[in-house]
Amino acid sequence: MAFSAGVGTSRQLQDSYTAGHDAASKALSASGAGTAGIGLVVTSPRYNQEQMLKGVREALGGAPVVGCTSAGAITEDGVEEQAVSVLVLANDAGTFVPAKVTGIGADMRAAGKKFGQALKESGEEVKLALIFSDALAGNGTELVRGVLDILGGGFPIAGGAAADDMAFKKTYQYYNDEVLTDAVVGFGISGDIKAAVGADHGWQPLGDAHIVTKAEGTKLIELDGRPAFSIYQDYFGARANDFKKALSLQAVTYPLGMKSKGVDGYMVRVPLVVGDDGSIVCGADIVLGSEMYLMIGTLTSAMEAAQKTAESLMERIVHVEPRVVFVSDCVARKILFGEHGNEEIALLKLIGGPKAVIFGLYTYGQIATLQPPPHDINACDPGFYEQSISIMVFGA
């Protein structure tokens with residue numbers, strides 16, 4: 001068996017070591033591989049992180065392990081909250097190349113470059129990469145730009161920004177035996193492997209375009225020379241104050257949509273913090289001069305976006321039997337879906353086919369390289385999303 005994958009979950013809450021060990025043991029058994037090539041672990045921050053990770057590592061016989069905390073894991077069994085979930089991969093015809101960079105908040109783009117360089121200098125011809133970063137460290141768009149600076153604008157990467165069960169206080173990243181924060185971790189895969197990656201959201205523009213006339217990183221300061229929050233005040237009047245609560249249902253239902261020159265579609269931006277000056281802090285980069293729209297969406301449109309994205313990826317990954325459908329889904333979509341979250345997962349499993357495992361997590365930011373690649377990654381957001389679903393389908 002050239003390429004194999006298996007998923008395991010433990011809902012044990014009393015003993016963190018046992019939870020990690022059980023989840024990893026189940027994943028290894030489900031993979032059908034005698035030895036794990038690498039393990040990807042997704043957990044809740046409520047566990048003793050060191051003990052949980054120790055259990056995973058020992059169950060996998062010391063194989064490389066990467067991962068992070070989340071706002072829930074995604075498996076074929078549904079949404080796993082307050083649990084440990086592990087994906088085990090093995091590949092007889094290729095190599096897994098783990099990498100980490102710490103202290104990323106000091107310079108997100110430089111951190112991305114270091115991560116890309118680690119994969120490039122590994123001596124392996126890496127075909128794809130999964131990366132997981134600290135959402136609270138800084139501008140995730142700059143991190144993605146840094147990776148693509150080294151690996152190229154069209155290099156297939158996917159992943160997400162770690163979460164902490166919506167506490168927005170501290171997230172953790174894992175690299176072998178290390179429990180980190182302010183870090184990016186992940187791995188590349190070399191060998192006879194093919195992948196397709198994409199993302200979408202399902203939201204549509206409402207009303208006219210407004211030009212971003214002042215912005216700094218993830219802060220949207222002015223639209224058409226006016227305070228950014230006026231876009232909500234003009235449309236909703238006194239109700240606009242409801243949008244000042246981060247990830248309120250109103251903000252989730254009516255996010256912003258950014259359209260950059262040369263890029264098809266809209267990049268969703270969610271208001272997280274509204275300043276006294278009317279500025280809006282979002283979770284991803286705001287491109288100066290881009291068009292900004294008020295957006296509207298529904299549970300149905302968000303579900304359809306996931307289905308269309310998965311179907312398009314399956315059409316692109318030809319002559320390969322997909323073995324993994326990796327999903328990074330926004331925590332805002334989780335709020336929107338409510339009790340219907342498992343319906344989205346059921347759709348993905350149906351599209352992936354019986355031999356493909358579903359694995360992923362709810363994140364504070366979704367990563368998927370824009371396809372086709374933009375000519376200038378500095379003039380647009382090249383693949384760090386909000387309120388979206390990113391998917392990578394791969395196999396050998």
Side-chain angles (χ1 to χ4, degrees), residues 16 19-20 23 39-54 56 65-74 79-87 98-108 111-112 114-115 130-144 146-147 157-187 217-218 246-247 270 272-273 281-285 326-335 359-367 384-388 390:
S16 298
L40 173 57
V41 56
V42 173
T43 69
S44 165
R46 68 167 295 155
Y47 286 96
N48 180 305
Q49 301 292 295
E50 288 78 8
Q51 286 299 307
M52 176 279 301
L53 191 56
K54 181 179 179 181
V56 172
V65 169
V66 300
C68 62
T69 49
S70 73
I74 296 171
V79 181
E80 301 287 356
E81 297 183 290
Q82 298 186 0
V84 180
S85 294
V86 177
L87 170 68
K100 71 167 182 178
V101 178
T102 58
I104 65 175
D107 190 328
M108 296 292 279
K114 288 180 181 178
F115 186 90
L130 290 172
I131 66 177
F132 307 92
S133 64
D134 186 344
L136 308 179
N139 188 339
T141 306
E142 282 293 274
L143 181 75
V144 173
V147 176
I157 61 174
D164 61 348
D165 287 342
M166 295 192 290
F168 296 96
K169 293 181 178 179
K170 188 174 186 178
T171 72
Y172 297 98
Q173 299 78 51
Y174 314 126
Y175 187 84
N176 293 335
D177 298 316
E178 298 178 88
V179 177
L180 307 168
T181 191
D182 191 25
V184 57
V185 302
F187 61 94
T218 63
L247 294 184
V270 182
L272 296 178
V273 178
V281 176
C282 301
D285 205 44
F326 175 81
V327 183
S328 177
D329 212 347
C330 183
V331 65
R333 287 169 62 91
K334 182 183 180 185
I335 294 170
F359 191 79
L361 66 164
Y362 287 101
T363 58
Y364 291 164
Q366 302 75 57
I367 297 172
F384 188 86
Y385 302 78
E386 290 188 279
Q387 206 159 322
S388 302
S390 75

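All figures in this text were calculated on a predicted structure; none of them were measured in a lab.
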Peer 1: Between CE of M108 and CG of L143, what distance do you get to the nearest 0.5 Å?
Peer 2: 5.0 Å
Peer 1: Looking only at side-chain N and O atoms, does D164 offer a donor or acceptor that is under 3.5 Å from a partner on T171?
Peer 2: no
Peer 1: Can you name the residues that form a side chain to side chain donor-acceptor pair (under 3.5 Å) with T43, not counting sequence neighbours?
Peer 2: Y174
Peer 1: Quick check: closest heavy atoms across F115 and V147, and the distance to 0.1 Å?
Peer 2: CD2-CG2, 4.3 Å
Peer 1: Under the rule for side chain to side chain donor-acceptor pair (under 3.5 Å), what residues qualify as partners of T218, not counting sequence neighbours?
Peer 2: none
Peer 1: Output all residues satisfying side chain to side chain donor-acceptor pair (under 3.5 Å) with E50, sequence neighbours left out; order by chain, then residue number.
Peer 2: none
Peer 1: Does a side-chain heavy-atom distance below 4.5 Å link V185 with I131?
Peer 2: no
Peer 1: Go through the structure and list residues passing side chain to side chain donor-acceptor pair (under 3.5 Å) with T181, not counting sequence neighbours.
Peer 2: D134
Peer 1: Run the numbers on I74 and D329 for side chain to side chain contact (heavy atoms under 4.5 Å, CB included), then give the verdict.
Peer 2: CA-CA 9 Å; I74 296 171; D329 212 347; 3.8 Å; yes
Peer 1: Check ring-ring contact (aromatic ring centres under 6.0 Å, His included) between F326 and all other residues, then give those that pass, not counting sequence neighbours.
Peer 2: F132
Peer 1: Would you call L40 and V86 a side-chain contact if the rule is heavy atoms closer than 4.5 Å?
Peer 2: no
Peer 1: Is the backbone N or O of A135 less than 3.5 Å from a side-chain atom of S133, with the two atoms forming a donor-acceptor pair by type?
Peer 2: no
Peer 1: Short question: side chain of S16, backbone of M52 - any donor-acceptor pair under 3.5 Å?
Peer 2: no
Peer 1: For A284, what residues pass the side-chain contact (heavy atoms from CB on, under 4.5 Å) criterion, not counting sequence neighbours?
Peer 2: T141, R269, D381, F384, E386
Peer 1: Write out all pairs satisfying salt bridge (Lys or Arg N to Asp or Glu O under 4.0 Å) with one or both partners inside residues 166-182, taking only residues at least two apart or from two chains.
Peer 2: R57-D177, K100-E178
Peer 1: If the condition is salt bridge (charged side-chain N to carboxylate O under 4.0 Å, His left out), which residues does E142 pass it with, not counting sequence neighbours?
Peer 2: R109, R145
Peer 1: Does F359 reach the side chain of V42, with side-chain heavy atoms less than 4.5 Å apart?
Peer 2: yes
Peer 1: Measure the shortest side-chain to side-chain distance between V84 and V41 over non-hydrogen atoms and say whether it is less than 4.5 angstrom.
Peer 2: yes
Peer 1: Are K114 and I104 close enough, and set up right, to give a side chain to side chain contact (heavy atoms under 4.5 Å, CB included), and what steps lead you there?
Peer 2: CA-CA 10 Å; K114 288 180 181 178; I104 65 175; over 6 Å; no
Peer 1: Under the side-chain contact (heavy atoms from CB on, under 4.5 Å) test, which residues partner T363, sequence neighbours left out?
Peer 2: S328, L361, Q366
Peer 1: Can you list the residues that meet the side-chain contact (heavy atoms from CB on, under 4.5 Å) rule with V79, with sequence neighbours excluded?
Peer 2: E81, K334, N342, I345, Y362
Peer 1: Compare every heavy atom of A162 with every heavy atom of Y364, then report the nearest pair and how far apart it is.
Peer 2: CD1-O, 3.4 Å
Peer 1: Holding to side-chain contact (heavy atoms from CB on, under 4.5 Å), I want the full list of residues that pass it with A183, two or more places apart in sequence or in another chain.
Peer 2: T102, Q173, L180
Peer 1: Evaluate the criterion side chain to side chain contact (heavy atoms under 4.5 Å, CB included) for residue pair M166 and V331; output intermediate values, then yes/no.
Peer 2: CA-CA 8 Å; M166 295 192 290; V331 65; 3.2 Å; yes
Peer 1: Can you name the nearest heavy-atom pair linking P98 to V66, along with the distance?
Peer 2: CB-CG1, 4.4 Å
Peer 1: Quiz question: by atom type and distance under 3.5 Å, do the side chains of Q387 and R333 form a donor-acceptor pair?
Peer 2: no
